[in-house]
J.: 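Handing you this structure, nothing more for now.
Predicted, not measured: the structure shown is a model, and the values here were computed from it.
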Amino acid sequence: MAFFLQAISLLMAQEQAPPFLDEQYQPWADSVLATLSPEERIAQLIMIPAYSNKDQVHVDSISGLVRKYGVGGIIFFQGGPVRQAHMINRFQEETKVPLMIGLDGEWGLRMRLDSTVRYPYQMALGGISDEGLLYDMGKEVARQAKRSGIHVNFAPVVDVNNNANNPVIGFRSFGEEKENVARKSLAYMTGMQDHGILASAKHFPGHGDTDADSHYSLPVLHFSKKRLQETELYPFQQLMDKGLGSIMVAHMQIPALDDTPELASTLSKPIVTDLLKEEMGYEGLVFTDALNMQAVAGFYPPGVVDVKALLAGNDMLLNTMNVPATIREVKNAMERGEISQEEIDQRVLKVLKAKAWLGLDSFQPVETDHLIADLNNPKAEFLSRKLTEASLTLLRNEDNILPVKGLENTKIASLSLGTSQITDFQKALERYVPMDHFTFPQEGGMEAIYKLKQQLSDFQLILVGIHGLGIREGGNDFGISPEMSVLLRELMKNQAVVVSVFGNVYSLDRIPGLESASGLIAAYQETPLTQDLTAQLIFGAIGASGKLPVTVNGAFGIGDGLETAAGLRMAYTQPEGVGISTADLTGIDSLMQLAISEQAIPGGQILLAKGGKVFYHKAFGYHTYDSLQEVSPDDLYDLASITKISTSLAAFMHLKGLGKFDENQTLGTYYPPARGTNKADLKYTDILTHQARLRSWIPFWMSTVRKNGSFKWYTMKSDSSRRFPVKVANNLYIHRKYDQKIYSEILESPLNPEPGYVYSDLSFILAPKVVEAITGEDFYDYLERNLYKPLGAGTLTFNPYKNYPLNRVVPTEEDTAFRKQLLHATVHDEGAAMLGGISGHAGLFGNANDLAKLMHLYLYDGNYARQQLIAPGVVSGYSRCVYCASGNYRGMGFDRPNKPGDPNGNAAPSAPASSFGHSGFTGTYTWIDPENEIVYIFLSNRVYPTRENRNIYRLNIRTNILEEVYQAMKKTAGQE
């Protein structure tokens, strides 16, 4: 008996009244009610529709209803936040009693308002295991709603969608399992109501198992009351027990509860009063569904339908289409004794108490300044990212094809079905590895199928995105054409195909053979964010954790969803994703704008990553000061001396791990031409730390020029030929054996008389020949095969004019001394140019994204994507200071902070002494901080139009940008 009483006590403790029923809201409600006429009291139970994207006539008509009749509330539909705010402020100023403002925000305000954050559909959220994320969503939606002047969010949808053919709920539901629907709904509801917004569970008593849309007709539910209680009513009861503030009654005919012919549940007293209010004990606000929907409006005219809804027991009449007719009909019903003034007053008091809880007893106008920015703050956007990431559902992963591995051995293509344009999905895939992109529109025919099959036949892996799907089936298989299905089926026969479906999860049943796909991802909807994150999932930057919340067919059932681990490759996120506030990084943008305005640089790329997550990746300015072409994140820059650590040093470290290179050996050990010269015994420990007594540089190009400025006949020609095949620049070719003269000149050059640190290019110019002597392989081929291809760093290349259009390569200097032209897609450094653009000290081009992959390899001591490309301990060893005791702060090949903490040093003042990187003469810079797991890339062409421009040094832009990150981190740490 004691156990039974304890259980009863626990059950009662779980029950919670709607928040506005607290006695503290009673005095204001009573005082307002006393001032209202009978007609005004009826009007308080009316909520009219309004649109902020309609004309002034519409606005004025709503204003007239507010002023003349004193309606209780307005439900807003399509429009924009600022326009809507202006309307709200006007109407609130004109009303006698503050208006209750409602909106359908099932997936956030974006469901109705432009310029707001979009959260995933509820079906996607149904697959998330962490309900805490949904609470956070409710909290954030509440913040946005309050900021916008909204008081009631007609959400969540708590319908249990156990009918795959449901034409009106479907993707709007959390799924088909009642417990899951209840948990998700409760989290969303609680998040909103804990933060001052009234939730409204819909569509009572459950619209999930219908095959008709109540917007157009009256659905009929032929279920027993027992079935309804066990399934449809379950989540409603769970929310009621936890203090649900309001509920929306659906327009459905349910003979088991009320067998009146053609009577919607909204108009049924046995359903609204007897079941909802009395049997289930609900005390919160009861809203009708929209009374202009055909399920009710098709049977009763305006005014009549409203009074029937009121008589059924509803408190608020939603979308009343004729306010004076409704007031008149209610008064007539009162005169007939169908409803009393006391009953009206009790409902009005409930509405007024809810308004008091919502803060309408001290209404303040909506502040329109900064409204859009406030609604779209980075934290809100990051929450959307987290929700979307957690929802992605991996349904097939044959032989663990995902995440994609072995980039160096896999020829990959992407194919977007349902569109003729390259998609955001394909652009996101391109960040990980170069690939060919193909499209196939919905109207594509058999001839196009044959052509695509031929084009794709050589690819080992095809990443397919299915786009342009309808959110509802609509009688056309969600927009999936037979030809799309044929093409997909044909490809899956012979090749590894990973399919990502960007649309309603039920569409999986309309694509024959998906169970044969090598990989299958349900992304639930098509947005730039879902496409971005799906690409990251495919390449292992993020993991898969979503579970299917519904049964699609025999192959894909509820609860299905495979898991994969995150962190394989670089992820792309927001600063909030690494614990930094976006607001604390605005200084980076300001510094870049300063650099551009001071003409230190025409433009540039910045990439910042922490913990393997890229949290800042932007392009600024233009290729040149004429402002004709904006810099894109995909553009290639001349990396200048970053080439040293990205080619020569990269090769040496790789060879070190293979036991083929030892920094304790000499140049003569590895490079036979050096033997017998004064360079033979130079030890690589000294060479790589720039204290081998090598000269700083040799102006090789000057030896090719006569006193009158023309080239000596045996050095350069304006046209290529067998004897002059090596391109130096446009219309300039060097003798085929001139490289030997350069190498000989280095070997014959005198050593500096005094020992000590002197930064020198000379050993790095020889480095390709050293690598080739060790490996017997072409320098770039060796780098590409062993490093660049496994990393997916396709833009790291020499001589980009060979493979890239000029508009993707940022020019450098207007060379007036040597080449007499703008240097565009050919290397800036004169020595590297004379070597055909390929050298170990300069000549490498690339974009920030691909360079960051290599720097992450260094950050993680030679390991990236679970491939140990450089043996453990090598990078960490080479990046350490070798001769610090003698004043040489450099590592072997890497630059290190020469004056840690100095704002004018070569590193950010807050960069630890263990950090390392390199800078480039053209205005490039990269830095790695292993203590904080930071990778920083800065690419610019500060030498345009002349190398004499030293403003970038004067402004200290490159290191100051990284310092902004450290200061942001310190600020975050101080707030913890």
J.: Could you walk me through whether Leu221 and Thr210 satisfy the side-chain contact (heavy atoms from CB on, under 4.5 Å) test, starting with their C-alpha distance in whole Å, then the side-chain angles of each, then the deciding distance to 0.1 Å, before giving a yes or no?
T.: CA-CA 7 Å; Leu221 268 62; Thr210 62; 3.3 Å; yes

J.: With distance as the sole criterion, is a donor-acceptor pair present between the side chains of His437 and Glu430 under 3.5 Å?
T.: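 Indeed, the side chains of His437 and Glu430 share at least one donor-acceptor pair under 3.5 Å.
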
J.: Begin with the C-alpha distance, continue with both residues' side-chain angles, and end with the deciding distance and a verdict on side chain to side chain donor-acceptor pair (under 3.5 Å) for Asn165 and Tyr506.
T.: CA-CA 9 Å; Asn165 297 315; Tyr506 287 116; over 6 Å; no

J.: Determine whether the side chains of Asn504 and Tyr121 contain a donor N or O and an acceptor N or O closer than 3.5 Å.
T.: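 No, no side-chain donor-acceptor contact under 3.5 Å.
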
J.: Which word best sums up how the rings of Tyr432 and Tyr572 line up, parallel for under 30°, tilted for 30 to 60°, or perpendicular for over 60°?
T.: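 Rings of Tyr432 and Tyr572: perpendicular, as their planes differ by over 60°.
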
J.: How about Lys613: does its NZ atom have over 12 heavy atoms from other parts shown lying under 6.0 Å from it?
T.: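 Counting neighbours around NZ of Lys613, 12 or fewer heavy atoms of other residues, nucleotides or ligands fall under 6.0 Å, so no.
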
J.: Are more than 12 heavy atoms, taken from residues, nucleotides or ligands other than Lys379, located less than 6.0 Å from that residue's NZ atom?
T.: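 No, NZ of Lys379 has 12 or fewer neighbouring heavy atoms, counting only those of other groups under 6.0 Å.
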
J.: Whether the Asn161 and Ser173 side chains hold a donor-acceptor pair (N or O, under 3.5 Å, no angle test) is what I'd like checked.
T.: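 The answer is no; no qualifying pair exists.
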
J.: If we ignore angles and hydrogens, is there a donor and acceptor under 3.5 Å between the side chains of Ser414 and Gln426?
T.: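 Gln426 and Ser414 do have a side-chain donor-acceptor pair below 3.5 Å.
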
J.: Check whether any side-chain heavy atom of Ile542 lies under 4.5 Å from a side-chain heavy atom of Leu392, and answer yes or no.
T.: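 The answer is yes, as the side chains (C-beta and beyond) meet within the 4.5 Å cut-off.
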
J.: Nearest 0.5 Å, what's the CD1-CD distance between Ile449 and Glu447?
T.: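 Nearest 0.5 Å value for the CD1-CD distance: 11.0 Å.
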
J.: Parallel, tilted or perpendicular: which fits the ring planes of Phe171 and Trp107, with parallel below 30° and perpendicular above 60°?
T.: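 The rings of Phe171 and Trp107 sit tilted, inter-plane angle from 30° to 60°.
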
J.: With rounding to the nearest 0.5 Å, note down the distance linking CG in Leu456 to CD in Glu490.
T.: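 Atom-to-atom, Leu456:CG and Glu490:CD are 12.5 Å apart.
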
J.: Check whether more than 12 heavy atoms from other residues, nucleotides or ligands sit under 6.0 Å from atom NZ of Lys451, and answer yes or no.
T.: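 Not buried by this count: 12 neighbours or fewer within 6.0 Å.
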
J.: Are Arg385 and Phe382 in a cation-pi contact, defined as NZ or CZ under 6.0 Å from the six-membered ring centre and within 45° of the axis?
T.: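 Not flagged: Arg385 not positioned over aromatic ring of Phe382.
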
J.: Quick one: does Gln442's side chain have a donor or acceptor within less than 3.5 Å of a partner on Gly479's backbone?
T.: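 Checked: pair present.
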
J.: Have Asp289 and His251 got a donor and an acceptor in their side chains that come within less than 3.5 Å?
T.: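 No.
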
J.: Considering only heavy atoms from C-beta outward, does the side chain of Val497 approach that of Leu488 to under 4.5 Å?
T.: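 Heavy-atom side-chain distance check passes, below 4.5 Å.
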
J.: What do you reckon, are the aromatic ring centroids of Tyr135 and Tyr188 less than 6.0 Å apart?
T.: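 That pair fails the under 6.0 Å test.
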
J.: Going by atom types only, do Ser416 and Thr423 share a side-chain donor-acceptor pair under 3.5 Å?
T.: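 There is such a pair (donor and acceptor under 3.5 Å, judged by atom type) between the side chains of Ser416 and Thr423.
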
J.: Looking just at side-chain N and O atoms, do Gln867 and Glu408 make a donor-acceptor pair shorter than 3.5 Å?
T.: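 Present: a donor and an acceptor within the cut-off.
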
J.: With a 3.5 Å cut-off and no angle check, do the side chains of Ser481 and Glu443 form a donor-acceptor pair?
T.: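 Result is no, nothing qualifies.
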
